[in-house]
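Remember, it's a predicted structure, so these values are computed and weren't measured experimentally. Labels below follow one simple rule: chain letters A, B, ... track the order of the sequence lines, proteins then strands, and each chain is numbered from 1.
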Amino acid sequence: MISFTPTEEQQQLVEVIRRYAVSDVQPVAHEADEHERVPGDVVRTGWEIGLVPTAIPEAMGGLGEMSAITNVLAAEEFAYGDLATALQVLAPALFAYPLVLYGTEAQKQLYLPQFLDERPAHFSAALVEPGVFFDPHDLKTTARVEGGKILINGVKSAVPLAAVANAMLVYARDDGGKAAAYIVEADAHGVEIGAREKLLGVRALPTHRVTFKDAAVDLDCKLGGETGADVQALLNRSWTALAALGVGVARYAFEYARDYAKQRVQFGVPIAQKQAIAFMLAEMAIEVDAARLMVWEAAWKLDRGEDATREAYLARQYSDKAAMFVTDAAVQVLGGYGFIREYPVERLLRNARGLATFDGLAII
Amino acid sequence: MAISFEIPENVKQQQDMVKMVAEHIMRPISRELDENEHARPLPFVENMWPFMRDMQKRNLEKLDAGDGRKRREGPGVANLRLMMMIEMLSWGDAGIYLCLPGGALGGAAIEAVGTPEQKKKYLGRFAEGDQAAWGAMAMTEPGAGSDTSSIQTTAVFDEAAQQWVINGEKIFCTNGKLALDESNGLVVVWATIDREAGRAGMRPFIVEAGTPGVKVTKTEIKHGIRASDTAAIVFENARIPADAILGSPEVQRGEGSGGFKGAMATFDATRPLVAASALGIGRASLEFLIEKLKENGVEIPYGAPYHQLSAIQRDVIEMEAELRATYLLTLRAISMLDHGQHNSLEASMAKAKAGKVVTRIGQKAVALLGAAGYSREWLLEKWMRDAKINDLYEGTGQINTLIVARRVLGYSSRELS
């Protein structure tokens with residue numbers, strides 16, 4: 001049966017996150033961007049909504065409800081508040097969700113209870129590698145077994161919260177050349193956290209370059225043990241998540257531009273009453289909805305355990321384009337004011353561009 | 001409820017049956033009907049008539065059985081079925097699809113606002129017999145396109161004869177000739193009973209085939225959907241019975257939700273179906289393009305990083321994503337109908353998007369296949385021509401964008417014109 005109505009629980013969750021986005025996040029997003037720091041209490045409030053614990057298995061004290069649909073609905077709302085804040089609140093999921101999905105019993109037992117705490121857990125993941133032409137299917141970072149240890153070598157970039165993470169999931173090619181993920185504790189020998197990166201957008205989110213020089217971890221640190229993890233499926237989740245975040249960013253831009261256009265008077269009428277502006281807003285509304293539906297379909301496929309490569313890939317392509325179109329149009333609707341940093345739309349435009357460059361955000 | 005994109009099994013089965021029709025009955029005569037514009041797709045009509053007739057019959061039987069509007073338990077799939085059928089038929093041939101016998105837009109209007117008596121009286125012809133019949137809707141005039149409030153066709157009530165007298169000219173009437181000259185069909189004609197009143201004076205009237213004073217004066221020669229019959233109709237003192245004014249007394253007085261506004265709301269149901277037809281054409285073009293590219297060594301690597309894609313691969317991926325987004329917008333508008341929800345915004349979103357996207361897909365697909373794509377040896381160039389109509393009829397892309405704009409801004413047609 002076709003239905004576009006989320007469950008009641010999902011609607012309630014969305015409502016809670018929306019209230020948080022509007023009252024706690026949007027008012028501080030500008031300052032956060034300028035000072036390159038999300039206030040700690042805002043992150044904590046977001047964490048306290050308790051999204052990640054719902055996905056933790058019941059055996060470990062969670063609710064055992066890992067749902068891609070729930071997570072894309074949540075991701076959109078968080079990003080509707082602010083992308084940098086969303087990524088900071090959701091960063092622990094980068095580590096937790098792959099463990100929920102593919103971790104061995106021991107890995108789950110060891111780590112997942114840490115995500116049930118009221119205070120945000122500090123975990124991250126490292127997939128992207130520096131330089132142009134990054135290809136997640138052809139990782140340069142390697143993990144080889146030597147002397148009863150796994151030795152990781154390579155350089156990662158755009159690792160969120162690397163400086164404070166207790167552990168991170170590092171994606172690398174194993175001895176067989178196959179992509180895998182490894183649990184690496186922050187204090188492991190050979191792990192060097194580089195300086196904070198300076199980015200075009202999401203400036204309030206600390207990201208770092210991380211270098212691994214014969215970083216040694218135990219053999220049981222490979223995610224999923226011998227069988228490993230389905231890295232393609234994690235990439236599909238990442239693409240779907242990025243697409244969902246794009247919808248949230250675009251929706252905020254659309255709504256802001258819409259409200260602005262209704263109160264900005266030129267030539268004696270609100271500019272929204274001019275077709276040139278009204279039509280832009282109509283197309284923005286259509287693109288936000290279209291992108292969201294692409295995301296939902298991909299998430300629905302993920303939840304059915306089917307291969308969602310095509311849907312996730314197309315959703316990501318679509319949402320990336322839609323988010324750029326909508327945020328750029330929002331700046332255009334605001335005219336000169338759109339270029340002024342005090343107004344949120346230029347930040348949204350910078351943030352939206354990031355969605356095309358991030359990867360490995362398996363937060364759904 | 002939970003979000004789901006699962007097409008029910010029985011709808012899928014119907015889809016397989018319709019695909020047989022599309023493949024074996026429509027595609028083989030596609031080119032011939034495109035080249036001979038006013039020929040009729042007889043094999044298609046003969047095959048589809050019993051199916052459409054029986055469907056109409058079942059609808060009327062439901063009406064007989066009691067309150068036809070009584071809602072079933074839970075959401076239905078009637079509109080979903082229709083969407084899937086139209087998508088597949090248009091994948092076969094969009095022009096031939098439009099020749100589908102039955103009440104079409106005229107029938108839909110009668111179903112939507114007609115009284116039970118009118119439904120029985122006028123829809124019976126689409127529910128019985130061996131001869132196919134067509135219904136049509138005549139709205140557009142030479143001077144009244146998107147601006148339906150400037151319709152000049154008049155309807156004057158002759159008290160003595162207890163008849164309505166219609167005068168005026170209608171154009172771009174899909175299936176007008178099939179309805180009036182080639183079957184015992186009917187046309188729902190929009191006319192004004194008070195030119196001063198603008199929209200408030202507009203009423204729909206049912207004009208049956210064989211009515212004296214009604215003449216099909218020409219059938220258009222078109223860019224695409226050439227198998228479809230697009231008629232101009234002149235009404236010269238055409239007299240119809242007093243009860244041929246469509247709708248209940250409230251509708252006839254132009255009051256309540258059943259008035260002009262209510263009748264216009266039938267567009268909320270038909271616009272997503274136009275989008276569905278567009279989707280079929282778009283899918284035909286895209287599938288053909290991908291197949292030809294594959295034959296020539298170009299595969300589409302879903303999942304590859306953007307920098308590794310060739311320009312052609314990027315185009316195809318973009319076309320595919322756009323088409324999927326259009327499909328989902330359409331599915332949403334249709335699903336809302338099946339759930340009994342108001343879908344005016346979503347219907348116009350789907351229609352505006354569909355017209356634009358399939359037009360672009362058609363044009364791009366021809367370009368990517370170069371001279372071969374431009375050749376009439378393949379149907380691809382025809383699909384490009386067929387696609388364009390979807391951005392024009394049932395409200396141009398601009399009109400549907402305007403409707404979306406009003407809805408998202410909360411503006412009336414006066415505030416945003």
*Tell me, do B:Tyr411 and A:Pro270 make a side-chain contact under 4.5 Å, heavy atoms counted?*
yes
Given B:Ala321, B:Gly303, B:Pro305, the one with more heavy-atom pairs under 4.5 angstrom with chain A than any other is B:Gly303
Counting only heavy atoms not in A:Glu306 (residues, nucleotides, ligands), do more than 12 fall under 6.0 Å from its CD? yes
- Query: Can you check whether B:Leu416's main-chain N or O pairs, donor with acceptor, with A:Gln273's side chain at less than 3.5 Å?
  - Reply: no
| request: Establish, yes or no, whether a centroid distance under 6.0 Å links the rings of B:Tyr306 and A:Phe133. | output: no
Item to check | Check ion pair A:Glu283-B:Lys353 (N to O, under 4.0 angstrom) | outcome: no
(message) Between B:Glu320 and A:Leu314, is the side-chain contact (heavy atoms from CB on, under 4.5 Å) condition met? List the steps.
(response) CA-CA 8 Å; B:Glu320 192 169 337; A:Leu314 293 180; 3.8 Å; yes
If one checks every heavy atom of B:Glu322 against chain A at 4.5 Å, the contacting part turns out to be both
Looking only at A:Leu293, A:Asp259, A:Asp359, the option with the highest number of non-hydrogen pairs under 4.5 Å against chain B is A:Leu293
Practice problem: Using atom types as modelled and distance alone, determine if a side-chain donor or acceptor of A:Ser3 lies under 3.5 Å from a backbone N or O of B:Ser4. | Solution: no
The interface call for A:Phe134 against chain B, heavy-atom contacts under 4.5 Å, is backbone
_B:Gln398 side chain reached by A:Phe279 side chain, heavy atoms, under 4.5 Å_ = yes
> So does B:Gln341 have more than 12 non-hydrogen atoms from other groups sitting under 6.0 Å from CD?
Replying inline: yes
Of A:His137, A:Lys262, A:Gln232, A:Glu9, the largest count of non-hydrogen pairs under 4.5 angstrom with chain B goes to A:Lys262
When the 4.5 angstrom heavy-atom criterion is applied to B:Ser417 and chain A, the contacting part is backbone
Whatever's closer than 4.5 Å to a heavy atom in chain B on A:Trp300 counts as side chain
| query | Between A:Glu311 and B:Arg324, does at least one N-O distance fall below 4.0 Å, as a salt bridge requires? | reply | no
Whatever's closer than 4.5 Å to a heavy atom in chain A on B:Leu80 counts as side chain
Would B:Met1 and A:Thr7 count as a side-chain contact (heavy atoms from CB on, under 4.5 Å) if you check the C-alpha gap in whole Å, the side-chain angles of each, and the deciding distance to 0.1 Å? CA-CA 5 Å; B:Met1 272 297 128; A:Thr7 65; over 6 Å; no
If one checks every heavy atom of A:Gln317 against chain B at 4.5 Å, the contacting part turns out to be side chain
Here the gap from A:Leu281 atom CG to B:Thr401 atom OG1, rounded to the nearest 0.5 Å, amounts to 12.0 Å
Discussion item. Can you confirm whether A:Ile2 sits close enough to B:Glu6 that some side-chain heavy atom of one is under 4.5 Å from a side-chain heavy atom of the other?
Written reply: no
Residues B:Ala304 and A:Tyr313: closest non-hydrogen pair is O-OH, 2.6 Å
Okay, A:Lys301 and chain B: the region with an atom under 4.5 Å from a heavy atom over there is neither
Please report the C-alpha distance between A:Thr5 and B:Ile3 in whole Å, then the side-chain angles of each, then the deciding distance to 0.1 Å, and finally whether the side-chain contact (heavy atoms from CB on, under 4.5 Å) criterion is met. CA-CA 5 Å; A:Thr5 312; B:Ile3 292 169; over 6 Å; no
- request: May I ask you to check if A:Arg310 and B:Tyr302 form a cation-pi contact, with NZ or CZ under 6.0 angstrom from the six-membered ring centre and within 45° of the axis?
  value: yes
Okay, B:Ala350 and chain A: the region with an atom under 4.5 Å from a heavy atom over there is neither
- Item | B:Lys12 atom NZ, over 12 foreign heavy atoms within 6.0 Å | yes
Honestly, the part of A:Ile69 sitting under 4.5 Å from a heavy atom of chain B is side chain
The interface call for A:Glu287 against chain B, heavy-atom contacts under 4.5 Å, is side chain
Answer key: most heavy-atom pairs under 4.5 Å with chain B among A:Ala261, A:Pro6, A:Ala291 is A:Pro6
Applying a strict 4.5 Å limit to non-hydrogen atoms, the region of B:Leu345 in contact with chain A is neither
Of A:Gln275, A:Met294, A:Glu297, the largest count of non-hydrogen pairs under 4.5 angstrom with chain B goes to A:Glu297
When every non-hydrogen atom of A:Ala282 is compared with those of B:Ala405, the smallest separation belongs to CB-N, 3.7 Å
Take B:Leu328 and A:Trp296, measure what side-chain contact (heavy atoms from CB on, under 4.5 Å) needs, and give me the verdict at the end. CA-CA 10 Å; B:Leu328 294 170; A:Trp296 284 8; over 6 Å; no
Honestly, the part of A:Arg304 sitting under 4.5 Å from a heavy atom of chain B is side chain
Residue from A:Asp289, A:Val132, A:Val269 scoring the most non-hydrogen pairs under 4.5 Å with chain B is A:Asp289
Turns out that what part of B:Leu331 lies under 4.5 Å from chain A's heavy atoms comes down to both
In this structure, CD1 of A:Ile286 is separated from NZ of B:Lys351 (nearest 0.5 Å) by 11.0 Å
Honestly, the part of A:Thr309 sitting under 4.5 Å from a heavy atom of chain B is side chain
